[in-house]
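For reference, the structure discussed in these notes is given below.
In what follows, every chain begins at residue 1, and chains take the letters A, B, ... in the order their sequences are listed.
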Amino acid sequence: MTTSKRHADDTPNRPDDSPTRPLNFIEQIVEDDLRTGKFQGRVQTRFPPEPNGYLHIGHAKSICLNFGLAARYGGLCNLRFDDTNPCKEEMEYVESIKEDVRWLGFDWGDREFFASDYFEQLYQWAEQMILSGDAFVCDLNNEQIREYRGTLTEPGRNSPFRERSVPENLDLFRRMRAGEFPDGSRTLRAKADMAHPNLNMRDPVMYRILHAHHHRTGDTWCIYPMYDFTHGQSDSIERITHSICTLEFENHRRLYDWYLDRLGIYHPQQIEFARLNLTYTVMSKRKLLELVQEKRVSGWDDPRLPTLRGLRRRGYTPEAIRRFCDRIGVAKFHSYIDVTVLENSVREHLNATAPRVMAVLRPLRVVLTNVPQEHVEHVAAINNPEDPSAGARQVPFTRELFIERDDFREEAPKKFFRLVPGGEVRLRCAYIIRCDEVIKDESTGEVIELRCTCDRKTLGKKPVGRKVKGVIHWVAASTCRKVQVRLYDRLYTRERLDDLPPGEDANQYLNPNSLEVIDDCRIEPSAAEAQPGQRFQFERLGYFCVDSRDSQPGQPVFNRTVPLRDTWAKIDKANKSR
RNA sequence: UACCCGGUGGUGUAAUUGGCAGCACUAGGGAUUUUGGCUCCCUUAGUCCAGGUUCGAGUCCUGGCCGGGUAGCCA
């Protein structure tokens, strides 16, 4: 079975995993629950982003997990925007998130929800808690609340307002809603336990006063519920069975359970897993935002960023990302995934699907002295050896060609089997040529042209009496097109950016060579009309994608998604260090 | 220093829940090759430590070590 077969299925909401993959710990919990009938055999998950930033590959892990679980067990996955903080959230993010989730290949049907849709219900529940004596209006300000909270090792103290009467609390809370008080002057707090070792349980704030315009509810509200008082109830309303979140919410589970129990409503199960860390990049919204704002990258869709928009522009496929997410597993251990795992995922998919084309990044002129000036021939080239249905194309072959500068060396190092003076090499899909003469710029000594002869008996045939091991790519000088190519590399030179020595900043480790723009590349004519988003393998070089922002009709700009594995580069490096 | 969570080759993740520590990636070697790609084969390398229970412990118990999280009116 070829890998291309496994990759053929691009149906949304389908996990890309093989059925034989062992279950991760969350799948085991779900299967146990299915077995015991805990949720009457239902599986209902949700992906709950806050619309305050763009999605990145770490979110993709969560998306694949939640939608994958639903798909695997015949359940449903909702898309829910966790929009309880009007100060940071915007509609623009809502749209971009939807676009990215859809692009990844998932479908939430009509189950598109907003926590803000539940504001009225949440408010009613808050009143219910006041009535049951589980909540009170507190007049302490920000700093005072912090002081009263105690520390990690010392218990907190009760707020002086903790024993207000139910009618007074109710009155005050209603007037908070009515807008009678300024921001920060009062809060609604839960009456939990100020001595609790879990600080989240020390009379947590349920509502704060915020006279802010909300992207969906406008000015309807001037009090907004906190995450803890929103998330569990939202899960409850939506009848979520397994509420999957990242490890930093582990300490919040106690509160999550407490609110649901006090309210006496349907109780989903929160399960935490470790967020994704990738080597040579950063994943936090804060760092990502900083890179964009300080213009260290061109924007949220800069192809060097791990954002879904960046990866998309870089040429990554949804399939490759889903496959990656399936491959890295799910656990509670804080781990770092080697970025090569991601790179291999695209290589695998693109190897199976991307049409091959020849392009020369750094051209070196070759003149075939035994080919007439006006000679134009078309040689057949297979579009994708991994996919016979991709067919073949005709590539023009003429007297003057360009080859890659790297494919010629005046002095051949050990194991170099490309072109050398007096040596032979195969032109991919065409003839074997021999280098007879090296023309140099007299002043600089730079090699500017090679005079070669073409063995016309070697088209589709092995040469007689000798072995020619090297194969190089080329384009015909007269018919090729000049294009811009951008070579992207990892954003940072340091593997892990979250364990910097004190005083150091991640910016010190920004890779100065993360982007190399080459304007003088040549590509065979068949790719000149490529459309934005189209992906190719440039033979022997790597996978490239037509940039969707800077390409013009008939003038594509190519972004390198990832280079091909390069065994020669390793040998060459070893040679040099010897 | 309180509470919570975690620790299996270099990286990540399994082990039928107490029964031969497996898989993927990486690295190294080889085969094949009109892409130094792909594919195929081989090799190196691991249960944090110390006790205990047991015929048998990665798994259970006790103690320790190490790492992470938590003191927003952020999520």
Side-chain angles (χ1 to χ4, degrees), chain A residues 2-3 20-24 28 48-50 52 82-85 87-89 138 140-142 145-147 149-156 183-189 196-202 204-210 223-224 226-228 230-231 245-254 272 274 279 285 327-338 340-341 343-345 347-348 351-352 356 358 382 385-386 415-418 426-432 458-462 468-473 537-542 563-572:
Chain A
T2 64
T3 52
T20 54
R21 177 176 62 72
L23 301 182
N24 63 51
Q28 281 178 27
E50 181 188 10
N52 72 342
D82 227 326
D83 56 350
T84 57
N85 186 352
C87 308
K88 299 197 326 200
E89 295 147 9
C138 183
L140 256 29
N141 66 30
N142 209 318
I145 287 185
R146 194 185 325 126
E147 283 166 31
R149 185 157 33 225
T151 69
L152 294 175
T153 50
E154 303 156 36
D183 286 2
S185 60
R186 288 180 220 266
T187 56
L188 181 72
R189 293 227 261 160
H196 200 106
N198 183 332
L199 273 62
N200 292 124
M201 296 301 291
R202 321 248 259 227
V205 172
M206 295 161 61
Y207 268 88
R208 73 286 214 187
I209 301 172
L210 241 33
I223 57 172
Y224 291 92
M226 299 288 292
Y227 166 85
D228 287 307
T230 305
H231 203 90
C245 60
T246 45
L247 249 27
E248 62 266 35
F249 294 102
E250 220 163 13
N251 291 323
H252 292 251
R253 192 176 59 236
R254 187 104 194 204
E272 311 87 14
T279 55
K285 276 184 189 171
R327 187 165 291 177
I328 58 177
V330 178
K332 299 191 76 163
F333 180 65
H334 285 103
S335 59
Y336 254 91
I337 306 291
D338 195 320
T340 57
V341 178
E343 293 171 347
N344 285 329
S345 300
R347 285 199 185 103
E348 222 172 273
N351 176 51
R356 268 119 254 219
M358 287 197 282
I382 300 292
E386 305 291 320
K415 287 193 185 164
F416 182 84
F417 43 84
R418 275 114 98 147
R426 160 79 67 180
L427 293 177
R428 170 111 245 242
C429 304
Y431 302 93
I432 285 172
T458 54
L459 184 64
K461 293 194 198 75
K462 294 212 189 309
V468 174
K469 193 164 187 194
V471 179
I472 65 173
H473 58 276
Q537 184 197 98
F538 289 180
E539 292 231 22
R540 302 208 309 130
L541 295 174
L564 251 31
R565 264 202 201 86
D566 191 350
T567 309
W568 163 245
K570 275 183 212 163
I571 298 170
D572 196 30

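In this structure B/U70 sits in a base pair with B/A2, meeting the Watson-Crick or G-U test at under 3.5 Å. Applying the Watson-Crick and G-U wobble criteria (two distances, each under 3.5 Å), B/C23 pairs with B/G12. Base pairing of B/G37: no nucleotide in any strand meets the Watson-Crick or G-U wobble criterion (both distances under 3.5 Å). Shown here, B/C65 forms a base pair with B/G7; the pair counts as Watson-Crick or G-U wobble because both key distances fall under 3.5 Å.
As judged by a 4.0 angstrom heavy-atom cut-off over every strand, A/Thr567 is placed among residues touching the sugar-phosphate backbone only. No engagement by A/Pro155 is indicated, since no non-hydrogen atom pair under 4.0 Å with the nucleic acid exists. Residue A/Val330 is classed as a sugar-phosphate contact, given heavy-atom separations below 4.0 Å to backbone atoms only. A/Lys462 comes within 4.0 angstrom of sugar-phosphate atoms only, judged by non-hydrogen atoms across all strands, and of no base. Nucleic acid contact for A/Gly460: base, since at least one base atom lies under 4.0 Å from a heavy atom of the residue. Residue contacts shown for A/Phe416 include a base, since a base heavy atom lies under 4.0 Å away. Using a 4.0 Å heavy-atom distance criterion, A/Leu459 is classed as a base contact. When heavy atoms are screened at a 4.0 angstrom cut-off, A/Ile337 is found touching the sugar-phosphate backbone but no base atom.
The base of B/G36 is paired with the side chain of A/Arg418 by a donor and an acceptor separated by under 3.5 Å. Taking only distance into account, the side chain of A/Arg356 meets the base of B/U35 through a donor-acceptor pair shorter than 3.5 Å. For A/Arg540 and B/U35, a side-chain-to-base donor-acceptor distance below 3.5 Å is absent, hydrogens and geometry of angles not being considered.
Look at the C1' atom in both B/U26 and B/G67: the space between them is 24 Å, to the nearest Å. With both ends at atom P, the span from B/A57 to B/G52 equals 12 Å, rounded to whole Å. Between B/U39 and B/U47, the distance separating the two P atoms is 31 Å to the nearest Å. On the C1' atoms, B/C55 is 37 Å away from B/U11, given to the nearest whole Å. The P atoms of B/U13 and B/G19 are separated by 22 Å, rounded to the nearest whole Å. To the nearest whole angstrom, the two C1' atoms, one in B/U1 and one in B/U44, are 44 Å apart. Separating the P atom of B/C23 from that of B/C42 is a span of 10 Å, rounded to the nearest Å. The P atoms of B/G63 and B/A2 are separated by 14 Å, rounded to the nearest whole Å.
Side-chain contact between A/Tyr336 and A/Thr279 is present, with at least one heavy-atom pair separated by less than 4.5 Å. Using a 4.5 Å heavy-atom cutoff, the side chains of A/Cys245 and A/Arg253 are not in contact. Looking at heavy atoms from C-beta onward, A/His231 lies out of side-chain contact with A/His252 at the 4.5 angstrom threshold.
Dashed line: the shortest gap from a side-chain N or O of A/Ser335 to OP1 or OP2 of B/U13 is under 4.0 Å. For A/Gln28, a side-chain nitrogen or oxygen approaches OP1 or OP2 of B/A15 to under 4.0 Å. Of the side-chain N and O atoms in A/Lys469, none sit less than 4.0 angstrom from OP1 or OP2 of B/G36.
Put simply, CZ on A/Phe333 is 11 Å from C1' on B/U13, counting in whole angstrom units. To the nearest angstrom, C1' of B/G12 lies 13 Å from CG of A/Asn24. Distance, A/His473 NE2 to B/G36 C1': 13 Å, rounded to whole Å. The nearest whole Å value for the distance from the CZ atom in A/Arg428 to the P atom in B/U35 is 5 Å. What separates CG of A/Leu23 from P of B/U16 is a distance of 11 Å, to the nearest Å. Taking atom CD1 of residue A/Ile472 and atom P of nucleotide B/U35, one finds them 13 Å apart after rounding to whole Å. A/Arg253 places its CZ atom 13 Å from the C1' atom of B/C3, with the value rounded to the nearest Å. Per the geometry, NZ belonging to A/Lys332 stands 15 Å off P belonging to B/U8, to the nearest Å.
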> What is the per-nucleotide protein-contact pattern of nucleotides 64-75 of chain B, from the 5' end, where B denotes a base atom under 4.0 Å from a protein heavy atom, S denotes such proximity for sugar-phosphate atoms only, and - denotes neither?
Replying inline: ----SBBBSBBB
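Taken from CZ in A/Arg208 to CE in A/Met206, the straight-line distance is 12.5 Å, to the nearest 0.5 Å.
Its glycosidic angle being within 90° of 0, B/G72 falls on the syn side. For B/U70, the glycosidic angle deviates from 0 by more than 90°, giving an anti base.
Residues A/Trp568 and A/Phe417 place their aromatic rings such that the two centres sit no closer than 6.0 Å.
Nearer the 5' end of RNA chain B, as judged by each residue's closest nucleotide, is the contact made by A/Tyr336, out of A/Tyr336 and A/Ala430.
The side-chain hydrogen bond (donor to acceptor under 3.5 Å, both in side chains) test applied to A/Arg347 returns A/Asn344, not counting sequence neighbours.
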>> The test is side chain to side chain contact (heavy atoms under 4.5 Å, CB included); show your working for A/Lys88 and A/Asp83 and say whether it passes.
In response: CA-CA 9 Å; A/Lys88 299 197 326 200; A/Asp83 56 350; over 6 Å; no
> Taking it one step at a time, do A/Arg428 and A/Arg540 satisfy side chain to side chain contact (heavy atoms under 4.5 Å, CB included)?
Replying inline: CA-CA 10 Å; A/Arg428 170 111 245 242; A/Arg540 302 208 309 130; 5.6 Å; no
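Ranking B/U34, B/G6, B/U35 by closeness to the A/Gln537 side chain, first place goes to B/U35. Distance from the side chain of A/Ile571 is smallest to B/G36 among B/G12, B/G36, B/C5.
Looking only at distances, no side-chain donor or acceptor of A/Asn251 sits under 3.5 Å from a matching main-chain atom of A/Asn198. Listed for the A/Glu154 side chain is no donor-acceptor partner under 3.5 Å among the backbone atoms of A/Gly150. Put simply, the side chain of A/Arg426 gets close to the backbone of A/Thr458: a donor and an acceptor are under 3.5 Å apart.
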